[in-house]
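Some notes on the structure that comes next.
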Number of protein chains: 2
Amino acid sequence: MTTAQRPTLEAVAKRAGVSRATVSRVVNGSTTVAEPIQQAVRRAVEELGYVPNLAARSLVTQRTDSVALVMPEAATRVFSDDQVFPGIIRGAAQELEAADKQLVLMLAGSPAGHERVERYTTGRHVDGVLFASLHGEDPLPGRLARLGIPVVCSGRPLDGAEVPYVDVDHVGGVTRAVRYLIENGRRRIATIAGPQDMVAGIERLEGYRNTITEAGLPVLVAYGDFTRESGTAAMRQLLAEHPDLDAVFAASDLMAHAALRTLREAGRRVPQDVAVIGFDDIETAAYTEPPLTTVRQPIVELGRAMTRQLLRIAAGEEIEQALMLPTELVVRESA
Amino acid sequence: MTTAQRPTLEAVAKRAGVSRATVSRVVNGSTTVAEPIQQAVRRAVEELGYVPNLAARSLVTQRTDSVALVMPEAATRVFSDDQVFPGIIRGAAQELEAADKQLVLMLAGSPAGHERVERYTTGRHVDGVLFASLHGEDPLPGRLARLGIPVVCSGRPLDGAEVPYVDVDHVGGVTRAVRYLIENGRRRIATIAGPQDMVAGIERLEGYRNTITEAGLPVLVAYGDFTRESGTAAMRQLLAEHPDLDAVFAASDLMAHAALRTLREAGRRVPQDVAVIGFDDIETAAYTEPPLTTVRQPIVELGRAMTRQLLRIAAGEEIEQALMLPTELVVRESA
DNA sequence: TTGTAAGCGTTATCAT
DNA sequence: ATGATAACGCTTACAA
């Protein structure tokens, strides 16, 4: 490494013929510096190609200008093609870019990874922490909040910690989907539920159960984990246990996609024999056979909203503890 | 913010009854410290919950223990469901986790974003920079390399800079795919090419062109940009210009997926009338109608390999400038 | 083997 | 409005 010696504040000060303090003021946009001096300093900065040393700044300001985005899933599942995590990353990246802060991505799937995230975040190496999709009852968000470190989760923390969160309206979306099925004359409506250790899985099932029960219809459930493979297994199980079902609400588009194929293999026509509705509205949903009717969730906006909340907390503002983003039923041809 | 005062080296030293230097040695795993003293220090660290201040360490060591992963695409396109970027992120995250370094994600799609990336990376705020999928002739990788900052690109840099890179064997994969079509009796083989300002687009077209020409067959090309929408348009164009085509090689699975649907809408049966082969082997490929025959590229491994190379450069090792990862034809039912 | 002390490059507090 | 100067928390010669 040639490690060309970087210019420091000192060097700029010397070149501009002023003190370090003045250069620092100019660089940080203080207004109390005379215009001609500002000019001179800026020219020196330009000529020397000066870039502030963030470590040094961070050491004295106690800020790092970076935010951690923690994905608590196993690495292999984080980036399945449901686009949830990429969407959140993208939203967070956009919002942080506007705030000129860095995005540090951390995977906490393995015990080692989780321990690493804990060390790093409790060690205050970031100005705030974003948690995407909690699994089970992770105590970390609550602990960080108690340490006074800004935290925002996607979805209500399952351990009941008083941590700010942003979530999409799972229940509302599912309710609309199930009602739509009922209005269209479906009476044997089954669901492929998501994992019950995640808010998304829990609330989508709750939405189904409430709406179905309210309508006096039978609750028919099989469980998956949001993936296509699990959707296939769940659909087969439903078909075996309730051969007379006439509709399926799947808690994810991936599972709905698998259900579509499984139904076709079983000789059922969609939507004539069985209507299918998914949840997510991934890109692929418009390209399934038939195109999938589904509940759209604003996933990039979720990432943005979480980040905006975090920045507000970090800025010392008071924020509402929960923020809910609307979902929407997108009707295509599968129901 | 309660900003509970964090313990410093000083505090640990006092508690353990030793000097700061000794604590530092223990924390950094120096072997030259007497066992009983190590014990005492470690206990003090434990009791106080001491975590090193990375900014302070970085200031003196000149290392940041973090690596930037730059995605030069527009934010809206980075996370399409082709899984390329998420795959690279995942691979990089895995490898960096093992090396106990942080992953800083940067989007350089907009001019502002690119400028920000440039400032940040040339300012040596990271120990190395990973570039995912260059668009056009970005001079930044070359510039960083000249500054002595470790850099690795995915794919050969188009501006001819002498920068280390890792890539998948596009040409080999495409050649195998096209030969497979020829061996199965196809004679009017068209291609939906990718964008010609990206290595992946260029090389996949080159592989097609060479193999087709070598076999004395006609070159039939339409251009897309790897997305489904562009695939639909390209497939329509091909159908209009060459109604007698009997096979299509699409440079991405997304475009192949769109082609599948467009062909069906045009009344062509796949694979009977027209054989279709894609490139990527995304998860969805196994679930298209019919399931897609495609060229698999090891995308997570690409991210891992890039990261390993980067770490080797940062460690001062000499590395080969180019590293090629194998691709593989996955035969399903579309061809 | 352990301790002392000199920085690392900023920002912030005081004077001036 | 500007300039000294003291932190910030750590690593690392160098001494002992």
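The shown structure was predicted, so the numbers you read here are calculated from the model rather than taken from an experiment. Per chain, numbering begins at 1; letters A, B, ... match sequence-line order.
At least one side-chain nitrogen or oxygen of Asn28(A) sits closer than 4.0 Å to the OP1 or OP2 atom of dT11(C). Close to dG3(C), at under 4.0 Å from its OP1 or OP2, lies a side-chain N or O of Ser19(B). Contact annotation: Ser24(B) reaches the phosphate of dT11(D) (side-chain N/O to OP1 or OP2, under 4.0 Å). OP1 or OP2 of dA1(D) has not a single side-chain nitrogen or oxygen of Thr32(A) nearer than 4.0 Å.
Rounded to an integer number of Å, the gap from Gln39(A) CD to dA1(D) P is 17 Å. Between Lys14(A) atom NZ and dG3(D) atom P the separation is 14 Å, expressed in whole Å. Protein atom CD1 of Ile37(A) is 11 Å distant from nucleotide atom P of dA1(D), rounded to whole Å. Rounded to whole Å, the distance from CD on Gln38(B) to C1' on dT2(C) is 13 Å. Atom CG in Leu48(B) sits roughly 14 Å away from atom P in dG9(D) (whole-Å rounding). Rounded to whole Å, atom P of dT2(D) lies 8 Å from atom CZ of Arg25(A). If you measure from atom CG of Leu59(B) to atom P of dT11(C), you get 12 Å, rounded to the nearest angstrom. Note: OH (Tyr50(A)) to P (dG9(C)) measures 10 Å, nearest angstrom.
At the heavy-atom level, Leu54(B) lies nowhere under 4.0 Å from the strands shown. Base engagement by Ala21(A) is indicated by at least one non-hydrogen atom pair under 4.0 Å involving a base atom.
If you check dG9(D), dT11(D), dG3(D) against the side chain of Thr22(A), the one that comes closest is dG3(D). When the nucleotides dT11(D), dT11(C), dG9(C) are ranked by their closest atom to the side chain of Thr61(A), dT11(C) comes out on top. Distances were taken from every side-chain heavy atom of Arg20(A) (C-beta onward) to each of dA6(C), dA6(D), dG3(D); the shortest belongs to dA6(D). Distances were taken from every side-chain heavy atom of Asn53(A) (C-beta onward) to each of dG9(C), dC10(D), dT2(D); the shortest belongs to dG9(C).
Residue Gln309(B) comes nearest to Ile319(B) through the heavy atom pair NE2-CD1, 3.7 Å, listed as atom of the first residue, atom of the second, then distance. What you find for Leu311(B) and Glu95(B) is that their closest heavy atoms are CD1-O, 4.4 Å.
Remark: the backbone N or O of Arg57(B) is paired with a side-chain donor or acceptor of Thr61(B) at under 3.5 angstrom.
Place Val23(A) and Val60(B) on DNA chain C by their nearest nucleotides, and Val60(B) ends up nearer the 5' end.
Counting heavy atoms of neighbouring residues, nucleotides and ligands inside a 6.0 Å radius, atom CD of Glu46(A) does not exceed 12 of them.
The side-chain contact (heavy atoms from CB on, under 4.5 Å) test with Ser24(A) singles out one residue from Val41(A), Val12(A), Leu9(A), and that residue is Leu9(A).
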